[in-house]
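Data first, discussion second: the structure below is written as structure tokens.
Each chain gets a letter, A, B and so on, in the order its sequence line appears, and its residues count up from 1. Just so it is clear, the structure is predicted and the values come from calculations on it, not from any experiment.
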Number of protein chains: 2
Amino acid sequence: MPPSREPPIEPLDAALYDRPSVTVDVVVLTLRGGCLEVLLVRRKEHPFLNYWSLPGGLIWKGESLDEAAARVLRHKAGLEAEVGRTRRPGGHPIYLEQLYTFGNPNRDPRARVISVAYYALVEQSHVREISEESALFRLLLRDEENVAEIYDAKGKKYSLAFDHAEILAVAVRRIRGKLSYTSIGFELLPERFTLRELQAVHEAILQKKLNKASFRRKMLASGLLQPTGEFERGTGFRPAELYRFRREV
Amino acid sequence: MPPSREPPIEPLDAALYDRPSVTVDVVVLTLRGGCLEVLLVRRKEHPFLNYWSLPGGLIWKGESLDEAAARVLRHKAGLEAEVGRTRRPGGHPIYLEQLYTFGNPNRDPRARVISVAYYALVEQSHVREISEESALFRLLLRDEENVAEIYDAKGKKYSLAFDHAEILAVAVRRIRGKLSYTSIGFELLPERFTLRELQAVHEAILQKKLNKASFRRKMLASGLLQPTGEFERGTGFRPAELYRFRREV
DNA sequence: GTGCTTATATGCTTCTTGCAACTAAGTTTT
DNA sequence: AAAACTTAGTTGCAAGAAGCATATAAGCAC
């Protein structure tokens with residue numbers, strides 16, 4: 001039997017239950033200049049007026065969580081995505097996946113808000129800073145820290161609204177973990193890319209230098225790369241071969 | 001700018017928003033007879049009256065998701081847990097961690113219910129079938145399938161309430177993934193255990209045989225094991241040494 | 001052509017993993 | 001008591017993966 005001191009599992013009246021708002025927040029990540037960057041939007045309301053925050057919104061009736069995340073991505077980042085993996089007009093998919101759910105009772109001072117966080121990996125050229133109220137920021141996660149740090153192009157550091165710095169930390173850790181046993185590393189690259197670019201993606205996510213020869217051997221042996229026979233152009237110096245990610249063998 | 005055909009991100013009236021119930025469901029896993037088993041409870045209400053389901057409950061006011069999961073575990077499984085990792089009276093912690101959030105609009109036919117799923121790993125001797133309305137079932141996840149299968153001791157297969165078979169599939173896959181780069185393998189064992197038992201845990205989770213010599217080498221080299229100098233007793237045949245999991249080096 | 005830079009390949013060493021055979025320590029059988 | 005049996009634990013070897021250094025190749029500038 002359950003301990004007698006505890007309240008019963010079902011409270012006698014509905015007042016004990018919570019009926020929270022549920023939102024979806026999306027971590028849109030891209031790679032620029034060898035660093036991970038995240039798309040943030042400026043808040044126009046209290047609390048955290050004028051703070052930068054993750055794009056997000058309340059879920060709607062009849063909409064799944066995945067659909068809500070895709071909608072937020074579409075409206076606040078101008079990106080078409082779907083959890084399976086859709087192809088955008090350009091032909092390259094956007095990777096979108098549920099990350100974690102944040103539900104501490106006081107994470108929003110106004111009311112109980114539970115946020116289901118998603119993350120999206122987007123090729124750099126497709127992230128547009130849709131309005132003056134959205135921008136890309138450099139993302140840095142130090143070892144052992146449970147919040148990520150955010151910097152603008154000038155190196156100025158920012159505090160984020162709500163628990164969003166914590167959400168970013170969870171996102172970076174998740175991506176680091178999945179890098180080795182999934183193919184998410186390709187999601188930040190255009191359809192055709194060089195091995196050097198692929199290595200840069202891995203190095204940015206893991207925040208450490210990798211051995212060139214080993215990296216090439218492993219990638220080529222994985223069977224995930226399809227050589228296109230084409231090469232970079234106008235690089236100065238020897239051009240690298242372009243590869244394509246081979247989905248499904 | 002966002003496409004003009006889409007509704008605005010913030011609907012004009014609140015009728016578009018959903019204000020769902022939020023519940024926590026807990027996947028309590030243990031190991032018995034070389035198989036993963038899961039604790040299920042029998043439903044006493046419609047829908048899915050008399051179906052077996054995951055223990056769960058609505059979140060309460062002022063309670064975090066982690067706390068709600070621990071409360072469900074306490075009341076419906078008689079287990080003390082906390083997400084960090086607490087020690088129960090016996091001295092062994094219960095591993096509890098958020099798994100994934102399920103929010104399809106029709107997963108509960110009565111109303112919109114979003115469920116934040118957790119999973120707990122429990123040493124076999126501590127799982128009690130608390131009442132006649134709870135029991136352990138064998139858990140099997142076939143490759144490529146997106147729902148898990150549930151069998152009782154006689155080998156009879158059951159259908160679960162709601163999307164709970166899908167939740168179980170996600171749980172098994174998550175644990176499989178984390179087995180190699182975390183120490184969750186120890187959470188299903190008592191404080192002192194043999195290498196053979198540890199290997200059995202890994203084999204049950206991965207559902208494949210492992211090589212004895214390689215497994216031993218890797219485990220001993222990991223530095224996670226502390227020999228106790230003590231040995232099994234009354235085993236018939238040569239007794240194996242007992243090891244302890246060394247938390248934090 | 002030379003010199004510079006980056007791409008790509010190769011040889012070597014080290015570490016890991018899988019496989020098989022071996023020794024060790026108990027109990028049971030004869 | 002000795003032999004047989006079963007599981008615990010070790011060791012040697014081969015195949016594979018990963019780190020490191022070096023060599024060759026291909027483009028550009030001069």
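- As rounded to whole Å, 17 Å separates atom P of D/dA8 from atom CZ of B/R233.
- Here the rule is side-chain contact (heavy atoms from CB on, under 4.5 Å) with B/L242, and of B/E230, B/Q226, B/E191 only B/E230 fits it.
- Spacing between atom CE of B/M219 and atom P of D/dT10 amounts to 15 Å, rounded to whole angstrom units.
- Separating the CG atom of A/L210 from the C1' atom of D/dA17 is a distance of 15 Å, rounded to the nearest angstrom.
- The distance between atom CD of A/E241 and atom P of C/dT6, rounded to the nearest whole Å, is 19 Å.
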Which donor-acceptor pairs under 3.5 Å do the side chains of residues 217-225 of chain A make with protein atoms, sequence neighbours left out?
unit_1: A/S222; atom_1: OG; unit_2: A/M219; atom_2: O; d: 2.6
unit_1: A/S222; atom_1: OG; unit_2: A/L224; atom_2: N; d: 3.1

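- At a cut-off of 3.5 Å, with distance as the only test, a side-chain donor of A/H126 or A/E123 sits close to an acceptor on the other residue.
- A search for salt bridge (charged side-chain N to carboxylate O under 4.0 Å, His left out) contacts involving A/E241 returns nothing, not counting sequence neighbours.
- Using a cut-off of 4.0 Å between Lys/Arg side-chain N and Asp/Glu carboxylate O, A/E97 and A/K178 are scored as salt-bridged.
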Heteroatom pairs (N/O) under 3.5 angstrom, protein to nucleotides 17-21 of chain C:
unit_1: C/dG18; atom_1: N7; unit_2: B/S214; atom_2: OG; d: 3.0
unit_1: C/dG18; atom_1: N7; unit_2: B/R217; atom_2: NH2; d: 2.9
unit_1: C/dG18; atom_1: O6; unit_2: B/R217; atom_2: NH1; d: 3.3
unit_1: C/dG18; atom_1: O6; unit_2: B/R217; atom_2: NH2; d: 3.1

When the side chains of residues 169-177 of chain B are checked against the rest of the protein, which donor-acceptor pairs come out under 3.5 Å, sequence neighbours left out?
unit_1: B/R173; atom_1: NH1; unit_2: B/E145; atom_2: O; d: 3.1
unit_1: B/R173; atom_1: NH2; unit_2: B/E145; atom_2: O; d: 2.9
unit_1: B/R174; atom_1: NH1; unit_2: B/L99; atom_2: O; d: 3.2
unit_1: B/R174; atom_1: NH2; unit_2: B/L99; atom_2: O; d: 2.6
unit_1: B/R176; atom_1: NE; unit_2: B/I205; atom_2: O; d: 2.9

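- Residues B/Y151 and B/Y158 form no side-chain contact, since every pair of their non-hydrogen atoms from C-beta on lies 4.5 Å or further apart.
- Atom pair A/Q199:CD and C/dT8:C1' shows a separation of 13 Å (rounding to whole Å applied).
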- Item | Annotated protein contacts, base or backbone, on nucleotides 22-30 of chain C with a non-hydrogen cut-off under 4.0 Å, one of B, S, - each | --BBBS---

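- Phosphate contact (OP1/OP2 of C/dA9, side-chain N/O of A/R216, threshold under 4.0 Å): present.
- To the nearest angstrom, P of D/dA17 lies 13 Å from CG of A/L220.
- For the side-chain contact (heavy atoms from CB on, under 4.5 Å) test, no residue two or more places apart in sequence or in another chain qualifies with A/S180.
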